[in-house]
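Residue indices begin at 1 and follow the sequence shown. Start at 1 and go down the list; that is how both ligands and their atoms are numbered.
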Amino acid sequence: MKEQLEKIKSEALSRMEAAGSLDSLNEIRVAYLGKKGELTSVLKGMKDVAPEDRPKVGQMVNEVRELLESKLEETKAALMKKAREEQMEKEVIDVTLPAKKIRMGHSHPNSIALSELERIFVGMGYEVVEGPEVEYDLYNFEKLNIPKGHPARDEQDTFYINDRILLRSQTSPVQVRVMETKKPPIRIIAPGRVFRSDAVDATHSPSFHQIEGLVIDRNITFADLKGTLQEFAKELFGPETKVKFRPHHFPFTEPSAEVDVSCFKCGGKGCRFCKGSGWIEILGCGMVHPRVLEMCDIDPEEYSGFAFGIGLERIALLKYEIDDMRLLYENDIRFLKQF
Ligand code: DAH
C-alpha cells in the first residue's frame with residue numbers, strides 16, 4: 001500500500017509539473033483526486049486493510065492528498081499568472097493613439113428657452129404644471145369666456161376630435177383646470193404644445209408651444225402684473241430692457257394688454273430686428289376676467305389675479321436671432337448644432 005501511494009504521489013507530482021494548461025491540470029486533478037480518481041480508490045480500499053494498520057495508512061493517504069492539493073493550487077496559480085502575462089503581451093495598447101470622439105447631443109433651442117423661462121418663474125415662486133393637449137371645448141373656449149360663435153374662435157381655429165373635444169389652441173385652458181382644482185393662492189406657469197389649423201410659413205406652424213402664467217390671490221392688481229413681467233423681461237433679455245403695455249383685447253382678461261420689450265439688439269433706436277420700431281412684442285396678458293373666476297367657483301369679490309401667455313418659439317427665435325420658425329422643426333443637425 002505504501003509503495004502504491006508513493007507511486008501515485010510521484011506520478012501525480014510529475015504530471016502536474018509538466019501540465020501546460022489549466023485544462024490539462026484539471027484532468028490531472030480528476031484522475032487522482034476526483035470521485036473515481038486513483039487516490040480516492042485507495043481510500044475506498046481501506047476496508048481491506050487490517051484494523052490495526054488503518055490509522056497509519058489513513059494518515060499516509062491524507063498526507064498525500066494534502067500534498068497533491070497544495071501542489072495543484074500552486075500550479076494553478078502559476079498557470080493563471082502565465083496566461084495573464086501572455087495575454088498582456090499580446091494586447092499592447094497604444095496610449096498615444098487619438099481617442100474616438102464621443103458625439104453628444106444637446107438641447108433644442110426651444111428646450112433651452114423653456115428652461116430659462118422656467119428658471120426665472122420658479123425663482124419668483126411659481127410652480128410648473130401641465131395640462132392635456134387633447135382638450136374639451138369647454139376648457140379651451142367656453143370657460144375662458146369664449147362662447148360658441150365668438151369671433152375669437154376664428155383666430156384660433158384648431159383640429160376637432162368631435163364637437164366637444166379638440167386639440168387645444170392655447171395653454172389658457174390650464175388656467176381653468178388649475179382654478180377648478182386648487183384654492184388660491186395660485187402661482188403657476190404651464191408650458192406646452194398647442195395647435196392651430198394654420199398653414200406653415202416663416203412665422204406660423206400648425207403646432208407650436210406656449211407658456212401660460214396665472215396668479216390668483218387676494219389684492220392682486222395690475223401693478224403686480226406689470227412688476228412681474230418687467231422683472232421677467234429684464235432677466236430674460238438683460239437689465240437694460242424696458243417694457244411697454246399696449247391695450248389689447250382677450251376675452252378671458254379685463255383689462256388686457258400686449259407687452260413689448262425694447263429691442264435688445266439696438267436698445268430701442270430701431271433696427272432690422274425690430275423692424276425699425278425699437279420694440280418687440282413678446283406676450284399677451286391681463287387681469288383675469290371676473291366671469292372666468294366665477295365659472296371656476298372663485299369669488300371675484302374676494303380674489304383677483306392676472307394671467308399671461310408667452311409664445312415659446314417667439315422667444316427662442318428672438319434669443320437666437322433665427323428668422324424662420326420652420327428651422328426649429330426640421331431637425332437638421334447642421335442647424336441644431338449651433339446652439
Ligand atoms: N391664449 C392667448 C393666445 O393664445 C395668449 C394669452 C393672452 C394668454 C392673454 C393669457 C392672457 O393668459 O392673459 O393668443
Checklist line | Asn140 and Ser169: side chain donor to acceptor below 3.5 Å | finding: yes
Cys285 heavy atoms within 4.0 Å reach ligand 1 at atoms 9 (C), 11 (C), 13 (O)
### Query
Taking the six-membered ring of Phe245, is the NZ or CZ of Lys226 close enough (under 6.0 Å from the centre) and on axis enough (within 45°)?
yes
Checking heavy atoms under 4.0 Å, the part of Phe306 that sits near ligand 1 is neither
Taking only non-hydrogen atoms of Thr253 and a 4.0 Å limit, the atoms of ligand 1 in range are 13 (O)
Q.
Any donor-acceptor pair under 3.5 Å linking the side-chain atoms of Ser21 with those of Asp23?
A. no
Numbered in order shown, the ligand 1 atoms found under 4.0 Å of a heavy atom of Arg196 are 3 (C), 4 (O), 14 (O)
Rounding to 0.5 Å, atoms CG (Leu117) and CG (Leu312) come to a distance of 7.0 Å
Rounded to the nearest 0.5 angstrom, the CD-OG distance for Gln156 and Ser197 is 11.0 Å
Min over Gly213, Ser169, Gly309, Gly286 of heavy-atom distance to atom 6 (C) of ligand 1 lands on Gly309
Just by distance, no angles: are the side chains of Gln338 and Tyr320 close enough, under 3.5 Å, to form a donor-acceptor pair? no
Less than 3.5 Å apart, which donor and acceptor atoms pair up between the side chains of residues 66-81 and the rest of the protein, not counting sequence neighbours?
| from | atom 1 | to | atom 2 | distance (Å) |
| --- | --- | --- | --- | --- |
| Ser70 | OG | Leu67 | O | 3.2 |
| Thr75 | OG1 | Lys71 | O | 2.6 |

Atoms of ligand 1 under 4.0 Å from any heavy atom of Ser172, numbered from 1 in the order shown, are 1 (N), 8 (C)
Quick note on ligand 1: atoms under 4.0 Å from a heavy atom of Gln210 include exactly 3 (C), 4 (O)
In ligand 1, the atoms that come under 4.0 Å of a heavy atom of Gln175 are 12 (O)
shortest atom 12 (O) of ligand 1-to-protein heavy-atom contact is with Glu212 OE2, 2.6 Å
Notebook entry, point to check: Do any nitrogen or oxygen atoms of Ala307 come within less than 3.5 Å of a nitrogen or oxygen of ligand 1?
Noted result: yes
Atom 1 (N) of ligand 1: of Glu254, His289, Gln170, the nearest heavy atom sits on Gln170
**Asked** Hey, is Glu155 one of the residues with a heavy atom under 4.0 angstrom from ligand 1?
**Response** no
re atom 14 (O) of ligand 1, the protein heavy-atom contact at minimum distance is Gln156 NE2, 3.6 Å
If you scan protein heavy atoms around atom 11 (C) of ligand 1, the nearest is Phe252 CE1, 3.4 Å
Practice task
Indicate yes or no for a side-chain donor-acceptor contact from Ser24 to the backbone of Ala19 under 3.5 Å, with no hydrogens or angles considered.
Solution key: no
Tell me yes or no: between the side chains of Arg193 and Ser207, is some donor less than 3.5 Å from an acceptor?
yes
